[in-house]
Amino acid sequence: MIEKPSRCLRIVSIGTFGLVLAALGSIALAAQDKYTVRVPNGLAFSDFRGYENWQVVSTSHTDNLLKVMVANPTMIGAYQAGIPGNGKPFPNGSKIAKIEWKFKKSTEAPFAVDVPDVLQDVFFIEKDNMRFPATSGWGYVAFDYSAASDTFTPNKDGVANCGYACHTIVKAKDYIFHSYQKR
């Protein structure tokens, strides 16, 4: 004769199963929220919320990466007003993101063209003279992307081997390499 599990045991089992599902669900949701990633005492991913929809400033291509630079409306407005070519600095609140992908040859285009493959990292720059006086008003951060875990982490070097040190060579352009491209 097979005994039926007690009602109490079924309730405990269902409750435990529910808790396990809730825990797994919260872990999955936490792994997907890139806006919680930050650098201690520095910029946070959340400071650049919405960067995915910002207007393109420029593109570039190195031996290993395709790069797209996008800027927030404050910085786009400054570019359209002639900054930095007119000698004026970008205003506080200007933000730019450089999105970098490893690339591959397109298998669909009828001509040779490189297209994005795997996201490599996202590099952010923000103008805030009060917050970043030691770096001429600019804050820098890079977040590396792991496709395997679909997560971002602060670059171990903090700014992908660049940041302010690299940008000093374009001091005359208010520390920004890329100009706003004609369209």
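Since we're looking at a predicted model, the values are computed, not measured. This chain uses plain numbering: 1 for the first residue, then up along the sequence.
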> Cation-pi check, Lys95 to Phe48: give yes when NZ or CZ is under 6.0 Å from the six-membered ring centre and within 45° of the ring axis, no otherwise.
yes
> Please examine the side chains of Lys98 and Phe177, heavy atoms only from C-beta on, and report whether any two atoms are closer than 4.5 Å.
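SC-SC contact between Phe177 and Lys98 ruled out.
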> Taking Tyr145 as the fixed residue, which of Thr151, Asp121, Asp150 is the one that meets the side-chain hydrogen bond (donor to acceptor under 3.5 Å, both in side chains) rule?
Asp150
> Taking the six-membered ring for Trp, are Phe90 and Tyr79 ring centroids under 6.0 Å apart?
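Between Tyr79 and Phe90, which both carry aromatic rings, the centre distance is below 6.0 Å.
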> At what distance, to the nearest 0.5 angstrom, does CH2 of Trp138 lie from CZ of Phe132?
10.5 Å
> Taking the basic N atoms (NZ, or NE/NH1/NH2) and the acidic carboxylate oxygens, is any pair closer than 4.0 Å for Lys105 and Asp114?
yes
> Within a strict 4.5 Å, meaning less than it, do heavy atoms of the Arg131 and Leu43 side chains meet?
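Yes, side chains in contact.
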> Do Ser106 side-chain atoms and Glu108 backbone N/O form a donor-acceptor pair below 3.5 Å?
yes
> Check for me whether the distance between the ring centres of Tyr140 and Phe124 falls short of 6.0 Å.
no
> Answer with yes or no whether the side chains of Tyr164 and Ser136 bring together a donor and an acceptor at under 3.5 Å.
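Indeed, the side chains of Ser136 and Tyr164 share at least one donor-acceptor pair under 3.5 Å.
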> What's the spacing between Thr74 OG1 and Glu126 CD if we round to 0.5 Å?
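Taking OG1 in Thr74 and CD in Glu126, the distance rounds to 10.0 Å.
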> Quick one: pull up CD1 in Ile176 and NZ in Lys171 and give me the separation to the nearest 0.5 Å.
15.0 Å
